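Below is one structure; the comments refer to it alone.
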Number of protein chains: 2
Amino acid sequence: MGTTQLETVPEPKYWHLKTVLSDALDSEFAVGEILPNERELAARFGVARATLRQALEQLELEGRLQRRRGVGTTVAPPRVGVPVDPARHTWPGAPGDDWQPVDAVETDTVPAAVTRLLETAPGDRVHIVRRSRVTNGQPVAAELLYVPTAAVPGCVEPASAGAQTRARAVLQELHKLALDGQDRTVELGSARAEDAKQLDRLPGAPVLVVTTRYVSAGRTTAVAVSTYRADTCRLTFGESDAVAVLAG
Amino acid sequence: MGTTQLETVPEPKYWHLKTVLSDALDSEFAVGEILPNERELAARFGVARATLRQALEQLELEGRLQRRRGVGTTVAPPRVGVPVDPARHTWPGAPGDDWQPVDAVETDTVPAAVTRLLETAPGDRVHIVRRSRVTNGQPVAAELLYVPTAAVPGCVEPASAGAQTRARAVLQELHKLALDGQDRTVELGSARAEDAKQLDRLPGAPVLVVTTRYVSAGRTTAVAVSTYRADTCRLTFGESDAVAVLAG
DNA sequence: CAGTGGTCTAGACCACTGT
DNA sequence: CAGTGGTCTAGACCACTGA
């Protein structure tokens, strides 16, 4: 019948908008530059602010934009390559890693997913070490490291000691054990309120959740749940460090 | 002065809603079960539909829900663990990997990011092999594998051959080379229209983008850009395969 | 065809930032 | 304080699915 239907699929406005904005970012804006505010952009493109925001959200998700309440929308720098898989397999807190211990608490309530990985009973006491990872002065990740108290019996730092001191004590006890190996999973999540604050983001911000299992003496001895800012980070794995140079 | 200001931070409605729904999913719903439709849920919680949708979007991002237009919202099964780092370092298409070659084309226009990794000149001809990864009958990833024509001079499959045949031919030529190593990056992205169709998602859906660099004879010989559904996949890395069993 | 989720509008108010 | 992005509303219409 030869129906001349060129556009069977009407492209959503926000999708088209995203493309237009993305091209504009490439050609007309420099990193760090401030975009016009949302109300003006929406007016300029002849759409409702909600629609404009849908496009901006996608661009932020892809790491092209950075939005801060009360400030404005800026063009984001290229994502930072963050090495996740050190060539040498070492315990967390070994010299050379760029994590900062923050504090440590001992508790008997841990997420079910962690209990499963640690193969502990639901009521067992566990140390939780909080750590923070900073690259180029920017916080890129927050971490909760779970270590069953039974695995580090030598760790008897009193609660009166400084928070950071207790954290270091747990790590030092860990280092006395032989590390057999480790494995990891990566998945998408949304930042818990606590992590969000540490990462300087709003709650619910998209994050890459890296779960690392440390195996010692044929047993899972520690589990680290690391929460990376998905907008600013590109996780790098593998033997070669040459890959870290591809920023540009 | 003792101002009794318990809630300095008014929790956004959608955030609270998400928590409530999340708990309900744990206790009152089985995997695969259909939730009430959005209009009814919004009415039941006394919020606008847009607000309710904001909560559902987050839950879908976290892999708790699955929404399909024209059908409804269902409770999603736990994420599938997808092994990304085979113990043996092998070329793509080696026996044992669960990727299906789809087709192959030869072109001289590739994304700038890929050109940079391959260290090719902007006009150099490159094979693009499209592959698809299926797990449990579900498409979980789409891939574009870039191989400079110069790297596989023996590959002279005519365009008249079947699409899949040409794809296999490129892979077979690759296998003749010695593989020195590989490295990867993982970052968050949004599905291009083409990938979205292959993954049975809408354009813009969140995806985990895995970029693999294959090194041969001290040179980057191939680059694979694999796009995994972020809602249903948990990427697994590392030596132990025991981690794949943690689904529950 | 009826019912679902997806897109879009035009407003309002709030929380936060910097000056 | 003015200006920004974040939240929320109450509607409307569209695209898709399955009976």
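All values reported here derive from a predicted model rather than from experimental measurement. So that the names make sense, note that chain A is the first sequence line, chain B the second, and so on, each numbered from 1.
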- [ ] Using a 4.0 Å heavy-atom cut-off across all strands, classify L56(B) as base, sugar-phosphate, or nothing.
- [x] nothing
Open item on the list: Taking side chain to side chain contact (heavy atoms under 4.5 Å, CB included) as the definition, give me every residue that meets it alongside E60(A), ordered by chain and number, with sequence neighbours left out.
Closed with: R67(A), R201(A)
- [ ] If dG6(D) has a Watson-Crick or G-U wobble mate with both distances under 3.5 Å, name it; if not, just say none.
- [x] dC13(C)
Interatomic distance where [atom1] belongs to [X] and [atom2] belongs to [N] [whole Å]:
| X | N | atom1 | atom2 | value |
| --- | --- | --- | --- | --- |
| R69(A) | dG18(C) | CZ | C1' | 15 Å |
| Q66(A) | dG5(D) | CD | P | 13 Å |
| Y14(A) | dC8(C) | OH | C1' | 12 Å |
| K13(B) | dA10(D) | NZ | P | 8 Å |
| E38(A) | dG11(C) | CD | P | 17 Å |
| R53(A) | dG5(D) | CZ | P | 9 Å |

Is [X] salt-bridged to [Y], cutoff N-O under 4.0 Å?
| X | Y | answer |
| --- | --- | --- |
| R64(B) | E62(B) | no |
| K18(A) | D23(A) | no |
| D103(A) | R166(A) | no |

Task: Which residue lies more 5' along DNA chain C, comparing Q54(A) with G70(A) via nearest heavy atoms - done: Q54(A)
Task: Heavy-atom donor-acceptor pair, R49(B) side-chain to dG6(C) base, under 3.5 Å - done: yes
Open item on the list: Suppose we call a contact any N or O donor and acceptor under 3.5 Å apart; does that hold for the side chain of R68(A) and the base of dG6(D)?
Closed with: no
Task: Closest to side chain of V71(A), choosing from dG18(C), dG5(D), dC8(D) - done: dG18(C)
Task: Phosphate OP1/OP2 of dT4(D) contacted by N37(A) side-chain N/O (<4.0 Å) - done: yes
